[in-house]
Amino acid sequence: MALSVFLVLVLAVFLGFFIQTVVGFAGALVALPILLIVMNLQDAIAYLALFYLYSSAILVVKEWKNIDKPVLLKLTIATIIGVTLGIWILQYGKPLVLKKMLGAFILLYVIYTMFFVKATNERKTRFSFVFGLAGGFFSGLFSTGGPLYVMVVKNTVVDMRTFRATMIGVLGLITITRVPILYAQNILTHNHFYNSLFIVPSFLLATFLGKSLYSKLNEDVLKNIVLCLLFISGVVLLIKN
């Protein structure tokens with residue numbers, strides 16, 4: 001691996017998984033645009049899948065008691081189907097139009113949440129399967145399905161601690177579905193795994209610092225961070241080719 005590629009990979013993993021640890025999602029939304037500077041989409045997805053595997057192994061165990069298990073179970077079948085379809089298109093298609101559609105959809109959701117949703121505890125779960133299917137699809141395709149799961153989880157759980165933990169559980173579900181399929185399709189290789197071992201110190205530091213910051217933030221700040229990350233991710237997906 002060239003030194004420039006290695007340094008960009010270190011930076012992307014650190015920034016992505018620092019954010020991932022703080023809010024429970026959005027690691028790929030931060031890391032993917034950085035990785036695409038020095039590598040192709042399939043290699044970027046392979047590395048992200050590995051670090052999501054490492055992240056899930058740490059965070060799911062720590063947050064298991066706070067995860068909303070019924071929500072996680074409700075999303076399981078849709079996620080498995082969606083991830084499988086997304087990886088198939090990743091291998092055989094050129095899905096840039098879908099990427100921009102996802103960006104537009106995320107921005108519309110942020111606008112809707114900020115300006116049209118009243119302060120209420122009403123739980124909106126009618127479209128859980130559809131969002132779970134779409135989230136799994138974009139997770140398999142770009143590792144960027146997190147915002148679609150946010151739309152389900154954020155309107156279902158009652159507090160930000162449960163939201164964050166459930167998002168960690170959802171991404172763990174995505175990971176254990178995605179990694180074997182990526183390996184079977186020869187998108188994820190032994191070389192990716194070997195290279196990733198040299199990036200683990202950066203990943204562990206990001207996880208430690210993210211956990212430390214999370215413990216100091218209040219619920220309103222976390223809610224605002226979620227919306228800001230959704231907005232930024234939507235813009236990036238729209239403008240990035």
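Every value quoted in this text rests on a predicted model; they were computed, and no experiment measured them. When a residue number appears, it is its place in the shown sequence, counting from 1.
The CD1 atom of Ile168 sits 7.0 Å away from the CD atom of Gln20 when rounded to the nearest 0.5 Å. To the nearest 0.5 angstrom, Thr177 atom OG1 is 4.5 Å from Ile80 atom CD1. In this structure, Glu63 CD and Thr162 OG1 are separated by 9.5 Å, a value rounded to the nearest 0.5 Å.
Among all heavy-atom pairs drawn from Thr175 and Pro180, the shortest one is O-CD, 4.2 Å. Considering all non-hydrogen atoms of both residues, Ile187 and Gln42 come closest at CG2-O, 3.7 Å. Shown here for Ala78 and Gly132, the closest heavy-atom pair between the two residues is CB-C, 3.7 Å. Here the shortest heavy-atom pairing between Gln185 and Ile87 reads CG-CG2, 4.2 Å. Minimum heavy-atom separation, Val8 to Ile34: CG1-O, 3.5 Å. Ile67 and Ala165 make their closest contact through CG1-O, 3.2 Å (heavy atoms, listed as atom of the first residue, atom of the second, distance).
Tyr52 and Ile176 end up in different hydrophobic clusters when Ile, Leu, Val, Met, Phe, Trp and Tyr side chains are linked at under 4.5 Å. A continuous path of Ile, Leu, Val, Met, Phe, Trp and Tyr side chains, each step under 4.5 Å between heavy atoms, connects Phe163 with Leu213, placing both in one hydrophobic cluster.
Taking the six-membered ring where tryptophan is involved, the planes of His192 and Tyr47 are perpendicular, since the angle between them exceeds 60° and thus also 30°.
Donor-acceptor pairing under 3.5 Å is recorded for the side chains of Tyr54 and Ser196.
Using a 4.5 Å cut-off on side-chain heavy atoms (C-beta onward), Val83 and Phe137 make no contact. Looking only at side-chain heavy atoms (C-beta outward), Thr21 and Arg164 come within less than 4.5 Å of each other. Put simply, the side chain of Ile45 reaches to within 4.5 Å of the side chain of Leu32, judged on heavy atoms. By the 4.5 Å heavy-atom criterion applied to side chains, Ile199 and Phe51 are counted as neighbours.
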Exercise answer: donor-acceptor pairs, residues 9-19 side-chain atoms, under 3.5 Å, sequence neighbours excluded:
none

